[in-house]
Protein chains: 2
Amino acid sequence: MRKRKGAGRPTIADVAKKAEVSTITVSRTLRDPAKVSTALRERIEAAIAALDYVPHSHASALASSRSNIVGVIVPSLTNNVFADTLRAIYDEVDPSPLQVQLGNSRYVAAEEERLIRIFLGQRPSALIVAGGDQTKAARAMLENADCPVVQIMEVDPDPVDMMVGFSHYEGGRAAGMHLVQQGYRRIGFIGARMDPRSRRRMEGFAEGLRTAGRHDPDLFMITTQSSSMTLGAELMGQLRARRPDLDAVFCNNDDMALGALFGCQHAGISVPDEIGIIGFNDLEMMAAACPSLTSIRTDRYEIGRTAVDMIRAALEGERPDQKVVDLGFELQARQSTARKARR
Amino acid sequence: MRKRKGAGRPTIADVAKKAEVSTITVSRTLRDPAKVSTALRERIEAAIAALDYVPHSHASALASSRSNIVGVIVPSLTNNVFADTLRAIYDEVDPSPLQVQLGNSRYVAAEEERLIRIFLGQRPSALIVAGGDQTKAARAMLENADCPVVQIMEVDPDPVDMMVGFSHYEGGRAAGMHLVQQGYRRIGFIGARMDPRSRRRMEGFAEGLRTAGRHDPDLFMITTQSSSMTLGAELMGQLRARRPDLDAVFCNNDDMALGALFGCQHAGISVPDEIGIIGFNDLEMMAAACPSLTSIRTDRYEIGRTAVDMIRAALEGERPDQKVVDLGFELQARQSTARKARR
DNA sequence: TGACTCGATGTTAGCGCTAACATTATGTTG
DNA sequence: CAACATAATGTTAGCGCTAACATCGAGTCA
């Protein structure tokens, strides 16, 4: 005999035998208890408990061709920006039968493509991916995926399927206009990583300055290194060394901004009087810092919540009101850009 | 006829037909190409590409009773401490056939138990869980899981299976001894969340002070709220209001520590001269801050790396040198605890 | 040349579960 | 009370893949 032995764990058949019912009744008890009479249900539940039975999700997925997996691909696990959104996704998904499968693309498009391929192997119930800058092949796979797809963190008129986020370009523009309004004149930019979203922020920022006649490309300093507070301090130092007349900077994210502040403090430069600083995302630390730091607030938790909502609606066959949801942003003006009037 | 239709995606049988081979040969091409002749392999690969075939991982898992899933359960997605470890786990796992399945227990033991149950439903190849404070039922499930289990972030003489981390108690004690050595006298503690690991840090810290005769429980302030910089500033304010003679604090993590620093700065209190501050974990921001903040450095990335290493070894049948790996910690003394000598 | 090894490929029977239909017991109606 | 709903449970046949064994042809060796 060449029967293959299972891993040893009890199966639904073991439960059925113990409870003296058929396997399908056990299956029903698990998935839709209302369909089973109380007497049987209790017997079955007792058997499940006695055997310590745990349903085999792969077998279930195969038989029902429903995996209940939501694939989520983000470019970073350490960036707090995604942490909030992920938390929201997990919070929303946990009480449902859905399960999250998380992938980290490390800001590499090819890696994202690889992950999409792997995730499709699980026949996911839905996919969530960050942004709209997929490779051609990745985009094609997403378009052919027979499940809802939500792109998050951005808005774009041409989504694969659905999209929820905000405009990085407009956020950057608002930052630029704010610094001009606050009376700053020689306004710079420091940016690390410079992924496509950071790039759009920078472009919006430049446009904001340009309309006020304050755009000076020489004051823009970018690097492909990943962002950190240390790097924020460093770039701030470099930029000031190059252009001592600099009087304000927009940092491409809050880590860079707080780092820039620390850099100024270590160098004995007063913020906001000598230099104004504005960040992006408005992490919790921005309000706490001393001086508190101006930033562009984005509702990252809400993005995650909305994405899962859209998925749920789509899985229930609802047509969404809108395929693209713009959650906007809000400028939080704080001490770091409020310098005393100078004349 | 009542044949069930698949989801429409091509199956291994479609590929086999197109390449005019049997399904098993396709399967071999995918899993172990060396076993298939070049001629057939090329034909099969062409068919795969032409059909855009993606193997169905659930079917594979069912047939082989190998899921290649590593379940990882952490208590928080927003806490940077876990972000580094997660990044390491993903980095290590990605080039292998293993896949990470991540769960968020939200610092709730019952939630952790629920996740363990769900994860076991996937017949994981291995499990990684944070810490050693599982519920009784959860611990029993882990002990009965027929896969390697690694508990991370802590060390304990009695692991479920394997363990890698460091001693929070000793870390706390080192913090206490450092503050005493630096000449601080009325030394307090502020702690948020107070999960079991934070609690052990506090106990070690108290012990460190006690041996120097500097333990004053009245200077210990804890809350169950989750930690944040704002909360760090707040608790610092409350503690100073209650005991204006306070001259140093150990914060149960770096967020709280930086928050406490900001709180002091907003209140015009000099750090380190009037108040010394020490944190725990040594996130990147600690060195960048102004003044730079003393902290207990832990190698969180290495914890994740080691955990996956241990798993890989166990899956390959190796006996590990040691079941419990203590990666230790290192006190990083910085400006925030270096006050000018006073006499 | 027969006995044997070995590599490449195929056949068959599940893995554990559920969809779809089938059956049986129980009530309900004119 | 025949005719027919309806609820509760069962039977059967896969879902897509792979383990285990089977086969086949080519090479090896005494």
Side-chain angles (χ1 to χ4, degrees), chain A residues 1-44 47-48 51 53-68 97 120-123 146, chain B residues 1-44 47-48 51 53-69 97 120-123 125 146:
Chain A
M1 195 170 302
R2 66 185 163 113
K3 212 168 244 172
R4 256 187 280 175
K5 64 144 204 317
R9 284 204 146 269
T11 73
I12 205 169
D14 298 323
V15 175
K17 192 184 298 171
K18 175 137 194 158
E20 300 180 290
V21 295
S22 71
T23 59
I24 192 73
T25 309
V26 178
S27 176
R28 284 190 188 113
T29 307
L30 257 19
R31 284 173 301 133
D32 194 355
K35 278 191 183 153
V36 178
S37 68
T38 317
L40 281 197
R41 193 176 341 135
E42 279 168 4
R43 236 161 65 205
I44 290 168
I48 288 174
L51 295 172
Y53 167 72
V54 180
H56 191 305
S57 62
H58 299 294
S60 167
L62 180 58
S64 65
S65 52
R66 257 181 281 103
S67 69
N68 282 336
L120 286 176
Q122 314 199 20
R123 307 295 189 272
D146 41 10
Chain B
M1 198 173 297
R2 68 186 162 112
K3 214 169 243 173
R4 259 187 276 175
K5 65 146 202 322
R9 283 202 148 270
T11 72
I12 204 169
D14 299 323
V15 176
K17 193 184 297 171
K18 177 138 195 160
E20 299 180 292
V21 294
S22 71
T23 58
I24 193 71
T25 309
V26 178
S27 175
R28 285 190 188 113
T29 306
L30 257 18
R31 286 174 299 134
D32 194 354
K35 279 192 182 151
V36 179
S37 68
T38 317
L40 282 198
R41 193 174 344 133
E42 277 167 6
R43 237 162 64 207
I44 290 169
I48 288 174
L51 294 173
Y53 167 73
V54 180
H56 192 302
S57 61
H58 299 294
S60 167
L62 180 58
S64 65
S65 51
R66 256 183 282 102
S67 69
N68 282 336
I69 288 176
L120 286 177
Q122 312 198 21
R123 306 293 187 273
S125 292
D146 39 11

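To find a chain, count down the sequence lines: A is the first, B the second, and so on, and within it residues start at 1. Note that the structure is a prediction, hence the values are computed from the model and not measured. The figures here come from the full heavy-atom set of this structure, side chains too, leaving out hydrogens, waters and symmetry mates.
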In whole Å, what is the span from the CZ atom of A:Arg66 to the C1' atom of D:dG16? 17 Å
B:Leu120 and A:Val54 have their tightest heavy-atom pair at C-CG1, 4.1 Å
C:dG16 phosphate, OP1 or OP2: any side-chain N/O from A:Ser60 under 4.0 angstrom? no
Select base, sugar-phosphate, or nothing to describe what B:Arg31 touches, counting heavy atoms under 4.0 Å on all strands. sugar-phosphate
In short, B:Arg123 meets A:Pro10 closest at the heavy-atom pair NH2-O, 4.1 Å
Nearest heavy-atom pair of A:Gln122 and A:Ser67: which atoms, and what distance? O-CB, 3.4 Å
A:Leu30 and A:Tyr53 have their tightest heavy-atom pair at CD2-CE2, 3.7 Å
Roughly how many Å is it from NE2 in B:His58 to C1' in C:dC17, rounded to a whole number? 13 Å
May I ask you to verify whether the side chain of A:Arg28 and the base of D:dG10 hold a donor-acceptor pair under 3.5 Å? yes
Rounded to whole Å, please give me the gap between CD1 in B:Ile44 and C1' in C:dA8. 11 Å
Whole-Å distance between D:dG16 C1' and B:Leu62 CG? 9 Å
5' priority, DNA chain C, between B:Leu40 and A:Thr11 [closest heavy atom]: B:Leu40
Without swapping roles, check the side chain of B:Arg41 against the backbone of B:Val36 for a donor-acceptor pair under 3.5 Å. yes
How many whole angstroms separate atom CD1 of B:Ile12 from atom P of D:dC15? 14 Å
Spacing between B:Leu120 atom CG and C:dG16 atom P, to the nearest angstrom: 16 Å
Any sub-3.5 Å donor-acceptor pair from A:Ser27's side-chain atoms to A:Thr23's backbone N or O? no
A:Arg123 has an atom CZ; how far is it from atom C1' of C:dC17, in whole Å? 17 Å
Applying a 4.0 Å non-hydrogen cut-off, can you work out what A:Arg41 is touching in the nucleic acid: base, sugar-phosphate, or nothing? nothing
Looking only at the side chains, is there a donor atom on one of B:Thr25 and B:Ser22 sitting less than 3.5 Å from an acceptor on the other? yes
Could you state the atom-to-atom distance from OH of B:Tyr53 to C1' of D:dC17 in whole Å? 7 Å
So, is A:Ser37 close to the D:dT9 phosphate, meaning a side-chain N or O under 4.0 Å from OP1 or OP2? yes
So which of residues 17-27 of chain B are in contact with DNA chain C, with a heavy-atom cut-off of under 4.0 Å? B:Val21, B:Ser22, B:Ile24, B:Thr25
